[in-house]
Amino acid sequence: MAEAQIIKVRVIPNSSQNKIIGWEEDVLKIKLQAPPIDGKANEALIKFVADTLGLPKSAVTIKSGQTSRRKALEVIGGDARQIAALAAD
């Protein structure tokens, strides 16, 4: 079974584009176009991270922070180096 990685993220909803801003200490800042209404930003976050890592959406889950801008994502099957390099793209 693939190892799970936990990523701390800070989401900035209602942005002009979906974009990874970069690491701020141990937190990955991500801009999303989706509004923080009815879980739309959460859905967009999962899809964006999964697509960026080339994983299915089912491999990315929000472990904490469902209603917060600060979240902990669990990524199953993501390579630790690939995750660490997310902001380099």
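Since the structure is predicted, the reported quantities are computational estimates derived from the model, not experimental observations. The basis for the numbers below is simple: all heavy atoms, side chains too, and nothing from hydrogens, waters or symmetry mates.
Here the CD atom belonging to Q5 is positioned 10.5 Å from the CD1 atom belonging to I76, to the nearest 0.5 angstrom. To the nearest 0.5 angstrom, W23 atom CH2 is 14.5 Å from R10 atom CZ. Taking NZ from K29 and CD1 from I20, the interatomic distance works out to 13.0 Å, rounded to the nearest 0.5 Å. Between atom CG of residue L32 and atom OG of residue S16 there is a gap of 11.5 Å, rounded to the nearest 0.5 Å.
In terms of modelled atom types and a separation under 3.5 Å, the side chain of N42 and the main chain of Q66 share a donor-acceptor contact. Side-chain atoms of K19 never come within 3.5 Å of backbone atoms of K31 as a donor-acceptor pair (strictly under, hydrogens ignored). With E74 contributing its side chain and I6 its backbone, the two residues share no donor-acceptor pair below 3.5 Å.
Using a 4.5 Å heavy-atom cutoff, the side chains of P35 and N14 are in contact.
In summary, of the residues considered (I30, I7, L45, L28), a side chain to side chain contact (heavy atoms under 4.5 Å, CB included) with K71 occurs for L45 alone. With respect to L55, the side chain to side chain contact (heavy atoms under 4.5 Å, CB included) criterion is satisfied by exactly one of D51, T52, L53: L53.
The two residues P13 and P36 come nearest to each other via the heavy atoms CB-CD, 3.7 Å. The minimum heavy-atom distance between Q33 and Q17, with the atom names listed, is CG-CA, 3.5 Å. Looking at every heavy atom in both residues, T61 comes nearest to S58 through CG2-O, 4.4 Å.
V27 and F48 fall into different hydrophobic clusters, defined by Ile, Leu, Val, Met, Phe, Trp and Tyr side-chain heavy atoms under 4.5 Å apart, directly or through other members.
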